[in-house]
Structure formats: C-alpha cells, structure tokens
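Computation of the quantities below employed the complete heavy-atom set of this structure, encompassing side-chain atoms and omitting hydrogens, waters and symmetry-equivalent molecules. First the proteins, then the strands, lettered A, B, ... as listed; each starts at 1.
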Amino acid sequence: MAQIKLPDGSIKEIPDGTTVGQLAEGIGKRLAQAAIVGKVNGKLVDLFYPLTGGPHEVQIITDRDPEGLFVMRHSCAHVLAQALRHLYGTGVQYTIGPVIDNGFYYDIEFPKEVGFSADELPKVEKEMQRIVEQDLPFSREDVAPDRAKDLLHKENQRFKDEIIDELAKQGEQSVSIYRQGDFTDLCRGPHLPSTGRIKAVKLLNLAGAYWRGDAAREQLTRIYGTSFFDRKQLDEHLRMLEEAKKRDHRVLGPRLGLFTIDDAVGQGLVLWKPKGAVVRQELQNFISEHLRRQGYQQVFTPHIGRLGLYKTSGHYPYYRESQFPPLVDRELVDQLAAEGCGCAELANRMEKGEVEGYLLKPMNCPMHIRIFASEQRSYREMPVRLAEFGTVYRWEKSGELGGMTRVRGFTQDDAHLFCTEEQVSGEIQGCLELVKIVLATLGMNQYRVRVGLRDPDSAKYVGDADQWDRAEKACKDAAQTLGVNFTVEPGEAAFYGPKIDFVVRDVIGREWQLGTVQVDYQLPRRFDLAYTGADNKPHRPVMIHRAPFGSMERFIGVLTEHFAGAFPLWLAPVQVAVLSISEKSNAYAEQTADSLKAAGLRVESNLSPDKIGAKIRTATLDKIPYMVVLGEKEQQAGQVAIRHRTEGDKGSMALAEFIERLQQELATRGQAPAVANG
RNA sequence: GCUGGCAUAGCUCAGCGGUAGAGCGCCACCUUGGUAAGGUGGAGGUCCUGGGUUCAAGCCCCAGUGCCAGCUCCA
C-alpha cells in the first residue's frame with residue numbers, strides 16, 4: 001500500500017502503483033476532470049505517475065492552479081513543434097521550448113529551403129488546433145541517454161544530443177522522452193493528459209535567437225505564443241498587450257510632444273522638445289530641493305576630458321567598447337599625418353598612451369573626483385557631496401537602442417559622496433531615503449530593490465574583507481531601514497564595492513534599472529584621494545556613487561508609461577487648457593489665460609471656432625489636467641467653469657479661488673487633491 | 001553587433017510593374033455653439049538613400065541607413 005497525505009491534511013492508503021490520475025478519480029469526478037498534473041512531495045508529475053510506498057504529500061493540480069497553466073503552456077510548445085513538423089517536414093529541428101512569463105516559445109531551425117515568416121503563424125495555429133482536436137494523449141518513457149539519442153536521431157533531431165550529453169555528464173542515468181501522436185521530444189515533463197486540454201492558444205511573434213544563447217552558434221527562429229484555459233482570458237491578455245502598446249513611451253512621447261529622435265542627429269540621441277523639457281526641468285527642480293536639504297553641493301563639469309583621466313579611473317581602455325572613440329588632439333593629428341601614420345597605428349599608440357586625446361565622458365565621477373582633489377580636505381568638512389545633472393555618452397550597440405530607455409547620450413542625476421569609513425552607513429541611508437521619496441511622490445510603487453554583494457568565492461574584488469563586510473552590512477541595513485522588499489544577490493556587486501539598485505518594470509514587462517547607489521573603494525585609491533583626519537594623518541575617503549533617477553531619459557520614458565502620458569499637475573507640460581465656448585468669449589478667455597499665466601501656471605488657450613465638445617476632447621486627449629470652460633455665463637458671473645481631465649465637470653468658481661487651489665495642489669506635488677467637487 | 005520583419009502625406013496606414021490614395025491632423029470658409037468629434041473646401045509626397053533589372057519601378061533585385069521584435073551586451 002502507498003500512503004499519501006492530501007493538502008487538507010487527510011491521510012489515505014491506496015494500493016501501490018495507483019496513479020495520480022486514479023487517485024484524483026477516487027477523490028471526486030470533477031477533480032479528476034479538472035486534473036492537469038499532480039504534485040508529489042513538491043514535484044510536479046504526470047497524472048499517470050504511479051504512487052508507491054510513502055508517505056507522500058500529494059496535491060492534484062487543476063486548471064485553476066498557476067502550475068496547471070505552466071504545464072499547459074509547456075505542452076503547447078510541444079504541440080507547436082509538432083505542427084511545424086507536419087507543415088514543414090521532418091527537417092524541422094526543434095531545440096528548446098520553455099515556458100516563460102505569460103506564455104511559451106520554441107526555438108526552431110527550419111530547413112534551409114523554408115523561409116518562415118510571421119504571415120504563416122495563422123497557418124501553424126490552425127495545424128495546432130487540429131492536433132488539439134485530435135486529443136492526443138501525452139506519454140512518457142524513461143530511457144538511458146544513449147537510447148534517447150537513438151530515438152531522437154530517428155526523428156532527425158541533432159540539437160538534442162548536446163542536451164542529453166550534458167544531462168549524462170551531470171550523472172543522469174536515464175532521461176525522459178515524451179510523445180504525443182507522431183511527435184517525440186526529450187523533455188523533463190510533466191505534461192497535460194492529452195492535447196485536447198489546450199483550450200485557447202495564440203502564436204504571437206517570431207524573433208531570432210542563438211542556439212544556447214551563443215552568438216557564435218546556430219541562429220534559430222524563436223516562435224512566441226501564449227495560451228490560457230479559456231478564450232476569455234486569452235482575449236483579455238491580448239487586450240492588455242494592446243493597452244500596453246498605447247502606453248509605450250515611444251508612441252506617447254512623440255505624440256505628446258515630449259521628445260523626438262531624429263536620424264539626422266543620430267541614433268540613440270534624444271532631442272527634448274519644449275514639453276518634454278518642462279517635465280525634465282520640474283523633476284530636476286524637485287530633486288534639487290532635496291539635494292539642498294541633504295547638504296549636497298551642485299557642480300558643473302565639461303563633456304570631454306583628457307584620455308589620461310579615464311586611464312587613471314580605469315574606464316579607458318577597459319570599457320573602450322562602450323565608449324565613443326577618443327577625439328585626438330589637432331596638432332598631433334597633423335603631425336602624425338605628416339609622418340604617414342595610419343588609423344591602425346593611431347589606435348595602437350592611443351592604447352599605449354603615446355597619443356594625447358580627449359574622451360567624450362562615459363561617467364561623471366572622474367571629474368567630481370578632481371573637484372574633490374582640488375582642495376586640501378579635512379575630516380571636518382566630510383562628507384563632501386557633489387551633485388550634477390551630468391550628461392554622459394556611451395556607445396551602445398545599435399541593436400540595443402530604443403526610445404528613451406536605451407540611448408547613447410543621457411543625463412544622470414549624478415552625485416558622488418566622499419566620506420569617511422564611519423560615515424558610509426549614514427550616507428547610504430540618506431541616498432535610499434531620497435530614492436524612496438522620489439518614487440513615493442510619483443506613485444511608483446512597483447519596483448524591486450537588489451542589494452548586490454560580492455561573490456565570496458571570487459578574488460576579483462578590490463578592498464579588504466573588513467571594508468567589504470562593513471559596506472555590505474551598511475547596504476543591507478539601509479535597505480532594511482528603508483522598509484522595502486529587497487533581494488540580496490551575491491556576486492552582483494561591482495568589482496569596486498557593493499551596490500543597491502532600484503529596478504522598475506515597464507508596461508511591456510521589461511525591467512529597467514533606474515536608481516542606483518554604489519559604494520566604491522577603488523576610485524579613491526586610483527586617484528590617491530586623501531583627507532586629513534583628527535589625528536593629523538592622511539586618510540583615504542570612501543566614495544558613494546548614486547543616481548536616484550538613473551538617467552533623466554530612461555526615467556521619463558518609464559514615467560511616461562507609468563502615467564500613460566497623463567502627468568500630475570506639477571509635471572504636466574500644460575497644466576490648464578482655457579477653452580472658449582464661442583468666439584464671443586475669446587476676449588474673456590484670453591484675459592483669464594493671462595491671469596493664470598501671471599500666477600505662474602502653464603496655460604494653453606483654444607480659441608478656435610471648434611465647438612466646446614471638440615475642444616474638450618482635444619484637451620483630454622492631450623492629457624491636460626484641468627480645463628477652464630468660458631462662455632457668456634461665466635463672463636457675466638465673473639467666474640470660471642472648471643473641468644478635470646478624468647473627473648469631469650467641477651462646476652464654477654472665482655478665478656482667484658481656482659488659482660489658489662491649483663497652487664495648493666502644486667505645493668504638495670499632488671499628494672493632496674486640490675480641486676475637490678464643488 | 002547578430003537574425004528576422006518593416007520603411008508611402010505631420011500621424012496611423014491602404015496600394016495594382018503603367019497618372020500616388022484614405023482617415024486623423026493642418027489651413028481657409030460657413031456655422032457662434034454649453035462639457036469627449038458641426039459642415040464644406042484646400043494645401044501637403046525625393047513613395048528612406050544609392051545602385052541595378054525593365055519600354056516603364058513606390059512595387060522586382062543588390063547594397064546602405066533607420067525603426068520594430070528578439071538574441072547578446074549593459075561601468
């Protein structure tokens with residue numbers, strides 16, 4: 001007899017060899033019908049998995065469990081590969097087909113004569129549907145690795161060899177083969193009882209992918225799909241994808257006049273248009289207030305600096321690939337040209353440090369360090385906190401660029417804190433507090449925090465172990481004090497010190513690193529920085545790099561999506577739209593707009609001959625927070641009729657009162673709604 | 001950088017190897033209106049760039065550039 005314990009705590013005795021499916025049947029008919037797979041002692045197994053001995057903890061996974069969806073999607077990947085073989089012949093090579101967030105994919109190598117395109121996805125879907133309707137049962141066979149290879153060779157598959165060899169090397173005595181109908185695949189499983197359990201499947205797009213993620217190896221076609229247990233959920237998911245597309249900052253940004261990226265200017269170089277500049281300026285003002293409060297000092301530094309500076313910092317040539325090539329000193333170029341020096345030779349000499357040149361700065365820190373080093377420093381003035389909205393340039397590979405989130409020139413809300421060893425902990429806390437204020441004010445609560453620590457088994461880190469221990473503890477403590485969920489990730493530290501990253505997810509599900517706080521022992525040493533201690537001896541300061549927004553470009557890109565372009569009043573490029581009912585009221589409207597502008601508000605008037613409905617629609621689509629509707633009625637009463645973008649008609653009030661309320665809302669940065677009903 | 005797809009009016013997109021299209025936007029005129037689209041007319045094109053095939057190329061071929069998806073990378 002086998003002993004099993006069910007999730008409700010009940011204990012059952014069943015004959016040895018009873019399958020999970022049979023167990024489900026014994027519990028209830030409906031459960032058996034809904035059953036997808038079983039979970040035995042925490043491991044997912046097929047319904048035909050036999051239970052023996054025990055005691056085992058057994059749970060029946062149904063289509064209502066997340067694991068059920070996972071298994072179904074995995075089975076979908078198999079059906080996809082099967083359909084492709086039906087349509088494009090046995091020359092179709094299938095490699096790996098895992099489940100991912102919100103779906104699955106399969107990496108395929110098509111025979112050379114097949115030019116597979118996205119247009120054919122519906123055809124493939126139809127074939128998958130046919131396979132689903134046949135309701136083919138999935139079966140499993142456990143075989144020795146060599147036997148598995150033979151089986152798959154019979155299916156014409158060669159990629160699987162490599163996976164099987166690896167499993168064998170890991171000591172696996174047997175591997176599992178799954179089959180449904182005429183399809184055979186190496187797979188860990190488990191799978192659905194049969195293909196008929198797939199209810200709603202949709203192939204989404206294709207993309208290139210490398211075999212084993214290695215650019216040197218075969219290029220495969222990755223086919224993405226998703227599936228759900230009912231049509232409604234699939235439709236809802238597809239609708240959400242559409243919705244997400246509408247929030248995409250690459251669409252919204254240009255439409256709302258925030259920024260443009262112009263091929264004539266260059267790839268990955270952002271042109272901030274007037275409305276985008278307003279948003280950026282407001283954010284910078286906001287953060288500057290907090291910088292002053294926290295005792296930062298603002299500095300400005302140039303866009304280029306001598307190559308030698310970046311050799312000292314270690315940025316050149318170590319990160320050469322991700323920098324724009326150096327600018328070479330004019331006189332030297334002339335002289336070298338006269339000598340007949342070629343490009344290869346020039347690069348060579350530059351590397352060796354024989355050629356003077358300038359680098360478009362990839363980071364601000366070396367220049368801030370030189371500011372710190374420009375004076376003799378006493379422990380009494382520490383910490384020194386130097387802040388700059390500093391623009392840096394990085395040579396991102398062309399395929400990496402996109403929108404505002406991955407660009408070649410960007411402005412960091414950067415700062416470098418030079419402090420004593422004892423001050424590190426407090427300074428980190430101050431940095432995190434700032435990030436927390438920023439994100440809270442903007443209502444961005446969907447972020448995660450990563451504390452990157454050193455890998456204890458690696459020797460690549462600089463600084464002594466004591467320092468590291470203290471700094472890592474300071475980072476962890478600060479994250480704890482901050483009161484946010486954070487993960488500790490050993491091996492994720494920079495080589496020069498531990499770090500804390502804030503990662504935000506955008507509407508398409510991509511994650512972006514925004515704010516970052518990093519402790520650095522390396523640069524103070526490379527630049528031989530020192531301050532005089534109370535003991536009248538020189539001491540090495542510790543540096544902290546921090547950027548709460550990360551970069552203005554990326555931050556505003558993500559922020560645009562976060563608000564779907566509808567910025568809160570304090571950030572809105574246009575805060576109030578003044579709309580005249582008819583041209584008879586244009587004069588009153590203009591006068592009102594002037595008063596609003598005089599009060600410091602950003603105002604746009606619409607005095608066109610459009611009807612009021614159309615004007616309201618336009619202003620609403622432009623995401624302007626407040627509308628002032630002005631007709632003869634308002635003029636006679638000496639009032640303004642207020643409409644809020646999302647809340648609709650707010651009734652009339654005196655202009656002075658409206659201004660007063662807006663100013664209140666601005667003062668609190670929208671933390672308290674200003675124009676309430678009435 | 002690699003693979004695939006795409007590139008036509010300011011925007012979103014149709015388009016057949018044979019005279020370049022629609023909707024929105026823009027401009028003008030009519031209308032002077034009351035809380036998400038009033039009507040009419042008009043302007044606007046290097047069909048991404050450079051080559052090639054063809055009597056004829058926006059369409060077919062080659063190369064380049066850019067964008068999108070993904071891979072790889074991301075101090």
Quiz item: Nearest of B:rA75, B:rU72, B:rA36 to any side-chain atom of A:Q323?
Solution: B:rA75

Quiz item: Of the nucleotides B:rA37, B:rU72, B:rG34, which one has an atom closest to the side chain of A:R617?
Solution: B:rA37

Quiz item: Is the closest side-chain donor-acceptor distance between A:Q635 and A:S585 under 3.5 Å?
Solution: no

Quiz item: With respect to the side chain of A:D649, which nucleotide from B:rU35, B:rU72, B:rG33 is positioned closest?
Solution: B:rU35

Quiz item: Rounded to whole angstroms, how far apart are NZ on A:K611 and P on B:rC30?
Solution: 17 Å

Self-check item: Residue met sooner reading RNA chain B from 5', once A:Q518 and A:D263 are mapped to nucleotides
Solution: A:D263

Quiz prompt | Integer-rounded Å distance: B:rG34 P and A:K650 NZ | solution = 23 Å

Exercise. State which of B:rU35, B:rG33, B:rC74 makes the closest approach to the side chain of A:I616.
Key: B:rU35

Exercise. Find the distance A:D610:CG to B:rC24:C1' and express it as a whole number of Å.
Key: 13 Å

Quiz item: To the nearest angstrom, how far is A:Q267 atom CD from B:rC68 atom C1'?
Solution: 13 Å

Quiz item: Whole Å only: how far is the NE2 atom of A:H545 from the C1' atom of B:rA75?
Solution: 9 Å

Quiz item: When the aromatic ring centroids of A:Y94 and A:F159 are compared, is their separation below 6.0 Å?
Solution: no

Self-check item: hbond_proxy A:E321 side chain to B:rG1 base (donor-acceptor, 3.5 Å cutoff)
Solution: no

Quiz item: Is the distance from OP1 or OP2 of B:rA69 to the nearest side-chain N or O of A:R250 less than 4.0 Å?
Solution: yes

Quiz item: Rounded to whole angstroms, how far apart are CD1 on A:I108 and P on B:rG70?
Solution: 18 Å

Exercise. Measure centre to centre between the rings of A:H74 and A:F104, then say whether the value is under 6.0 Å.
Key: no

Practice problem: Return the stacking result for B:rG70 and A:Y224: yes when the ring centres lie under 5.5 Å apart and the planes under 30°, no otherwise. | Solution: no

Quiz item: Are any of A:S322's side-chain N or O atoms less than 4.0 Å away from OP1 or OP2 of B:rC74?
Solution: no

Quiz prompt | Rounded interatomic separation in angstrom, taking CZ from A:R394 and P from B:rC74 | solution = 12 Å

Quiz prompt | Side-chain donor-acceptor contact under 3.5 Å, A:Y626 with A:E665 | solution = yes

Quiz item: For A:Y316 and B:rA75, what is the distance between atoms OH and C1' respectively, to the nearest whole Å?
Solution: 16 Å

Exercise. Tell me, yes or no, whether the heavy-atom count around A:R306 atom CZ, taken from other residues, nucleotides or ligands under 6.0 Å, exceeds 12.
Key: no

Practice problem: Check whether the side chain of A:R222 and the base of B:rC71 form a donor-acceptor pair under 3.5 Å. | Solution: no

Quiz item: For A:S608 and A:A494, take the nucleotide of RNA chain B holding the closest heavy atom to each; which residue's nucleotide lies nearer the 5' end?
Solution: A:S608

